[in-house]
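In what follows, a single structure is set out as structure tokens and then discussed.
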Amino acid sequence: MKIEIRNGRFIDPKHGIDRVTTLYIAAGKVAAIGAAPALWNANRTIDASGLVVCPGLIDISARLREPGFEYKATLESEMAAAVAGGVTSLACPPDTDPPLDEPGLVQMLKHRARSLNQAHVYPIGALTVGLKGEALTEMGELTDAGCVAFSQAEAPLVDTQVLYRALQYAATFGYRVWLRPQDPYIGRGGVAHDGEVATRLGLTAIPPSAETIALAMIFTLVRETGVPVHLCRLSTAEGVAMIRAARKDGLPVTCDVAVHHLHLCDVDIGWFDTQCHLVPPLRSTRDRAALRAGLADGTVDLVCSDHTPVDDDGKQVPFGESEPGATGLELLLPLTLKWAAEDAVALPAALARITSAPAAMLGLDAGHLAVGQSADVCIFDPNAHWLVEPRALKSQGKNTPFLGLEVPGRVRCTLVGGQVVYEA
Amino acid sequence: MRNPQLDAHGELTHLLTLEGLPADVIVRILDTAVPFTSIAERDVKKVPLLRGKAVFNLFFENSTRTRTTFEIAAKRLSADVINLNIGASSTTKGETLLDTVDNLCAMNADMFVVRHAQSGAPHLIAAHLNRTGRTHVHVVNAGDGRHAHPTQGLLDLFTIRHYKRDFRNLTVAIVGDVLHSRVARSLIHGLTTLGTPEVRAVGPQTLLPTALSALGVRVCNDMREGIKDCDVVVMLRLQNERMHGALLPSAGEFFKHYGLTPEKLAYAKPDAIVMHPGPMNRGVEIDSAVADSDRAVILPQVTFGIAVRMAVLSMLAGN
């Protein structure tokens, strides 16, 4: 199969390319850019005039809900959502049921995903058995099975000795450790940011110190062990400032933000809108501004969707009892474009946050389109706006705070390994 | 964002919170309650305003006083009252809150009086009824989590107005566990909406929510400073489970600092009234010498509460 993607605005952030050109794909790989290879004869031509052609997006946190939560979503529904959102590679956190703490579970997930022939799936293994924070998992076996990093997902790791040893053990073999900084005690039982909204609505609060206490603790361990750590889902201005300072000191830490937190704050909870019940909680406008600035200046390395399909049963309950999370695979690109447009970030720089930067975080040779590279491509119309509504979403989770709003950026075509897997 | 308890014409369709309720609506409820106070003194304590209407008391959290006063209010309006004490455990038995509501709607409920341990539960029910086009069914919040207890707030306002006439020259102190208090939140919104120039929240930092000043409240940690020259002192109930542990060391120490004694009350104005939403903990938040004095208007609050609830139910039924 030879495919020619003609006259699109080709943006490859990693290689600093941004020009109107034609991309030639053969045998699943990029065959040439600009000039056709010798004896070229395309089976299919895609006219990308007026569209952006870029590397397929990479999302480092997308819950597929398998195994264990198939009533919320299935691999089929969520993989369709991924490619509809232009996402060609994704990493899924280990908070399934059972958690991804055994090689067999990881192999099964990889196998199921591969058979669907859509986006590439990279499981994140559980750092501790059952995510209980007590005993280390067999990280070597899990890596052989396909895990690309290890985390506790949202489960706390209370025992600092276990965390210390987990970092040391992982570092021995070069495994990546991802941690979400949240002290398990100070915001215990909390569901919203400790601010005016929580005070007004009488919601149990999570103070910003829940994040900063955990960051200080993790930085101490990183400084002592020299082990690199990736910090997931920052939410506070203080947290961003601490990361900036830590990096200036040369600590090997990286971090990300969920795309919802670039646009929403606690005020959006309104009268108990459970769609805005997220983890970490939506914080103040000041925090949101700091996250956006941090992402622009590189303190925050990348954006992810933190895709979490939740069914109505999980959301049509009182706020404090509702299940946190929002569907996000199909909104990662639109909401990143929205941030870029509002903060005057150039399109290539914005796309780097969802292509080359997450690829680096996963240690993948992906997220770019050099000649010879697997042709994972996203073609989108940056000027088309669309209405977020349940029927517009492929994901089984229709839970998003953006329901009823228009967002920019419509994916027209997604290719994985040179195959067209989505067209609209 | 439209206030979810008002219809497109600004009329009250649910009573969920006093926050965001226009001053004229609050005043109208208080005015409506005035004639109802005399009904209890008649031989026939009934008016036919809610005849043929089914009022469901939907209590997911234990309550004796509030449920009883709502029951009396509805019965004096000639409504059929159905009491459901569902308890917090029912949600774990499988039926969701909204399924329960749908089932009771199928039994032709006209009004739900809802108490729930979770903040926002009555909002959820009201939004569900609005979304499914059942706008003739009304929801009254009888206390949700820490969020709101609007009929208590209204009866407190009624009591203050009864004794002090005008809100616009008053200083009101609310003392105790504001953090966990829906009563305090509702009263704060009501007072600020009606133009009370100074509302104070008095208590230790552990029992005051972080952003209280954003609600237009002056925060005082010292009791004497907090009730100095007050016209109204509202004492909040301290729940048993908060009396020990990390919020407070002991009930005795709380009483020492914040318990209302005649000595502390002397800092307020000589004609200051003392209120309490009940049930009182004598010797914890209030000294018997104060509770039983002529300064205390705690029992009139209870009587006014029935009239205020009659006003709310009758206004909702009329809209």
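Residue numbers start from 1 in every chain, and the chains themselves are labelled A, B, ... in the order their sequence lines are given, proteins ahead of strands.
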How about [X] and [Y]: do any of their side-chain heavy atoms sit closer than 4.5 Å?
X       : Y       : answer
W271(A) : L16(B)  : no
L203(A) : S119(B) : yes
T96(B)  : Q316(A) : no

Review point. Are H123(B) and F319(A) close enough that their ring centres sit under 6.0 Å apart?
Key: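 No, the ring centres sit 6.0 Å or more apart.
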Would you indicate whether [X], at its atom [atom1], is surrounded by more than 12 heavy atoms from other residues, nucleotides or ligands within a distance under 6.0 Å?
X       : atom1 : answer
K338(A) : NZ    : no
K394(A) : NZ    : no
Q205(B) : CD    : no

Open item on the list: Show, in sequence, the C-alpha distance, side-chain angles and deciding distance for R146(B) and L201(A), and conclude whether the side-chain contact (heavy atoms from CB on, under 4.5 Å) test is met.
Closed with: CA-CA 8 Å; R146(B) 307 173 180 186; L201(A) 297 182; over 6 Å; no
Name the member of P4(B), G145(B), A148(B) that forms the most heavy-atom pairs with chain A at distances under 4.5 Å.
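It is P4(B).
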Next item on the list: Select, from S213(B), G120(B), P122(B), the one with the greatest count of heavy-atom pairs under 4.5 Å involving chain A.
Entry: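 Among S213(B), G120(B), P122(B), the one with the most close pairs to chain A is G120(B).
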CD1 (I188(B)) and CZ (R200(A)) are apart, to the nearest 0.5 Å, by 12.5 Å
What residues of residues 127-139 of chain B sit under 4.5 Å from chain A when you count only heavy atoms?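 Residues in range: R131(B).
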The interface call for L98(B) against chain A, heavy-atom contacts under 4.5 Å, is side chain
query = Taking only heavy atoms into account, what residues of residues 208-219 of chain A are found under 4.5 Å from chain B?
reply =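 Within residues 208-219 of chain A, near chain B: nothing under 4.5 Å.
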What one should report as the nearest heavy-atom pair of T199(A) and R185(B) is O-NE, 2.6 Å
Heavy-atom closest pair (P318(A) atom, H116(B) atom, distance to 0.1 Å) is CG-CE1, 4.1 Å
Applying a strict 4.5 Å limit to non-hydrogen atoms, the region of T274(A) in contact with chain B is neither
